[in-house]
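Worksheet: one structure, shown below.
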Amino acid sequence: MSKRGIRNVFILFSLLLSMNASNLYASYDEDTLDIFAKMLPRFVLMSSQLHKVKEEIEMCVLYEKLDERSAISLMGKIHANYPAGIKNYKIKLIDKYYQHLESCKNAQLLFMFDTTEENIQQSLHFAKLHQILTISYNADLLADGVNISLYLGRKIIPFLNVSSINANGIEFDNTLLRVSKIYSADMKNEY
Amino acid sequence: MNIKNISLEIKAIIGIIVFTLFIVGLDRYLLSQNITNQFVESKKSKNDLLLNTISPIISLNISLGLSSSNNEYLEQITEQNKDLQLLQIIDKQGILIYNYGEKCTEQNETQHKNNLNYVTKELIDSITDEKLGTIHMHFSDSEFEIMQMKNRVTTIQIFITSFVLLLIFIFMTRKEFKHIRELSKNVLSYDPKLNNFHLTKLDRKDEVGIIHNAIVSMVEKINSHAKLLDEANNSLEQKVQERTQELEEANKKLLQLSITDPLTNIANRRHFENYFSNIWTLAKRSNAKVSVIMCDIDHFKDINDTFGHAVGDYVLIEVAKTMKNTLKRESDLVARYGGEEFIIALYDTNIYEATMLCENIQNALTQLNLFENQPQKHKPVTLSFGISSTVPQIADEAEELIKIADKCLYEAKNRGRDCIITPSEFIQIS
């Protein structure tokens, strides 16, 4: 192989890698994050997770280093929406890399930015173990067993994976169920 | 068909139908009111239910910031509820964030107040209890109006039918009652004597006509019977009158017979005694004189023996007639006292006047020639008189005066007959 050929192969490989990375670590829409910021504390209060809340709503935001800015942005939006907390509860936000998942064991909610499949499975296992509500930015993760995401169609509505929610032993307010779209395995390619 | 020929039974049935229709109409009206109320309640419930169902979802969508979801949801709601005319959501700042349809006109404000087709509710965040806005919903009331109209029309139809039938029934019964009243008035004022029943038979086949004609027939019969009865009464009255007259005459005769001597046709002794007792009492009261003359036909037995009893009776009759003719006053009474003996009662007459009367009788007797047709000769008939007279006192008895006259008569017989003896002459002799 010539020098030029080697260079082309490298460029092609780099391009493929960059495509993978962009696919894996996608950029996050600020408006969608804004909706999540509004929803997250409410999901806790509208679910059986409320029973776990003592004085403050504890939510854990898990992300890869690549998504740190988006995670910080989300937390900023949450604080902006609920500066004094909600319904007499203060909001405690824990931002961790996926590697520091253990720090979230007392949280009522895990918000998951995109990560590797391995991290996802670990996180979901962890959440199931500690009965923590899981919410992902990416609706594709519902297929992996995440509890809630957002359905971004003609309208934006909560997207619930009822089977995983039931598996985690979490219950939701009926009203929330009525405004949400229910995920099923058949719908994997619909969104 | 003439209304007068309809049977009372049919009229009664019409009455019952009218009454039933009226009751049915009333019941229908009450039922429709009930249905209307139920409709209103159910519509209110349905509206409230819809509002209470969608408001938490809308609230949640607002609180979650899912306005696009809200819009789609509300579009579904407006599609599913065809009677929804207006749906508005106004946020807490008063900004209209969703609008469907047009605002209701003021015409329906009353119904809005009744919450029939207008509902509104505040949208509250179920978590924070924060007011998120207000939802207003207006529903069409056309169904309600149609139902109300149908109810009204049906009820009015039933009532109008009932009313018309009722009027017919009243008209019929009024006519009947008027006729019956007139009939009863005529019957009550009817007097067979006046024959004042003026109704005639009718050409009606119903019960009223039958009763009317029966009454007219009965009155006609009563009239004819009354006429016969009147005639019978008149005849009977005439007969009674005749019989009464005959009876009166018979009584008179009987009375006459009872007080009259059958042979001489002058008063008998009993009548004399009654009469004399009366004038005796009267004389006592009026202090008047009463005189009694007793007389006897001289040699009467000899007349009988000579000429027979028939002549003797003839003599008695003629002497009595003469004596009666001689008496001029009504108050003087001559009676046959027994056999050939006569007695005369004289009221307010003294002994002198009585003596004069005796002399008059004697003179009258001399005019008689009672035996002129007899084969044998006989002395003329003469009478012997005994007179008594007194003003009766309280203790005096009438019989005493008669006894004195009798004694005087006896004395006249002793003195040779054909003479008049008064008590003064009798006392002198005694």
Side-chain angles (χ1 to χ4, degrees), chain A residues 29-51 53 57 59 74 77-78 80-91 108-109 135 139 148-160 172-182 191, chain B residues 45-81 84 87-93 95-100 119-137:
Chain A
D29 178 56
E30 285 298 316
D31 290 339
T32 309
L33 286 177
D34 202 35
I35 292 169
F36 272 119
K38 274 186 185 172
M39 283 181 176
L40 295 181
R42 289 177 180 275
F43 283 161
V44 173
L45 294 178
M46 294 180 79
S47 70
S48 55
Q49 294 299 85
L50 177 65
H51 305 307
V53 177
I57 298 167
M59 296 188 292
L74 173 67
K77 288 178 189 295
I78 292 170
N81 275 302
Y82 306 106
I86 180 168
K87 200 185 178 183
N88 301 325
Y89 298 114
K90 288 179 179 173
I91 296 171
Q108 292 95 41
L109 184 145
I135 299 176
I148 303 172
S149 186
L150 275 184
Y151 179 84
L152 305 171
R154 195 162 58 88
K155 59 180 179 179
I156 300 170
I157 52 172
F159 206 6
L160 303 188
F172 271 105
D173 188 294
N174 280 337
T175 317
L176 182 61
L177 293 175
R178 292 187 66 180
V179 300
S180 304
K181 189 174 178 71
I182 306 299
Y191 46 92
Chain B
S45 300
K46 178 236 168 195
N47 294 346
D48 288 341
L49 183 67
L50 183 65
L51 185 70
N52 291 329
T53 305
I54 66 170
S55 58
I57 293 167
I58 294 165
S59 299
L60 184 62
N61 278 332
I62 293 173
S63 64
L64 293 178
L66 304 174
S67 57
S68 62
S69 175
N70 239 356
N71 289 346
E72 191 174 314
Y73 177 68
L74 290 171
E75 277 166 19
Q76 280 177 9
I77 293 296
T78 53
E79 273 177 29
Q80 286 165 5
N81 294 276
L84 193 62
L87 199 160
Q88 282 184 337
I89 295 170
I90 298 164
D91 71 3
K92 58 186 174 186
Q93 280 87 30
I95 299 164
L96 184 68
I97 56 173
Y98 184 83
N99 184 51
Y100 166 79
V119 284
T120 184
K121 192 173 182 179
E122 285 190 341
L123 297 168
I124 305 291
D125 186 333
S126 62
I127 293 169
T128 61
D129 292 334
E130 184 190 352
K131 184 183 171 184
L132 301 172
T134 315
I135 179 167
H136 301 281
M137 295 170 86

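The analysis underlying the following values was restricted to heavy atoms, covering all of them including side chains, and did not include hydrogens, waters or symmetry mates. Keep in mind it's a predicted model, so treat the numbers as computed, not measured. Just so we're on the same page: letters track the sequence lines, and every chain starts at 1.
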(message) If I measure from the heavy atoms of chain A, does B:N70 come under 4.5 Å with its side chain, its backbone, both, or neither?
(response) neither
(message) Quick check on B:L60 against chain A: is it the side chain, the backbone, both or neither that has a heavy atom closer than 4.5 Å?
(response) side chain
(request) Kindly give the heavy-atom pair with the smallest separation between B:S69 and A:I156, and that separation in Å. (result) CB-O, 3.8 Å
(message) Need one label for A:I86: side chain, backbone, both or neither, based on atoms under 4.5 Å from any heavy atom in chain B.
(response) side chain
(message) Between A:R42 and chain B, with a heavy-atom cut-off of 4.5 Å, which part of the residue counts as in contact: side chain, backbone, both or neither?
(response) both
(request) Could you give me the CA-CA distance, side-chain angles and deciding distance for A:K38 and B:L64, then say whether side chain to side chain contact (heavy atoms under 4.5 Å, CB included) is met? (result) CA-CA 6 Å; A:K38 274 186 185 172; B:L64 293 178; 5.8 Å; no
(message) Let me confirm one number: the OG1-OH distance from B:T128 to A:Y89, rounded to the nearest 0.5 Å.
(response) 13.0 Å
(message) Taking the side chain as everything from C-beta on, heavy atoms only, tell me whether A:K87 gets closer than 4.5 Å to B:D129.
(response) no
(message) Need one label for B:S59: side chain, backbone, both or neither, based on atoms under 4.5 Å from any heavy atom in chain A.
(response) neither
(message) Tell me whether B:K46 at atom NZ has more than 12 heavy atoms from other residues, nucleotides or ligands lying less than 6.0 Å away.
(response) yes
(request) Kindly indicate, with the supporting measurements, whether the criterion side chain to side chain contact (heavy atoms under 4.5 Å, CB included) is fulfilled by A:K155 and B:L66. (result) CA-CA 8 Å; A:K155 59 180 179 179; B:L66 304 174; over 6 Å; no
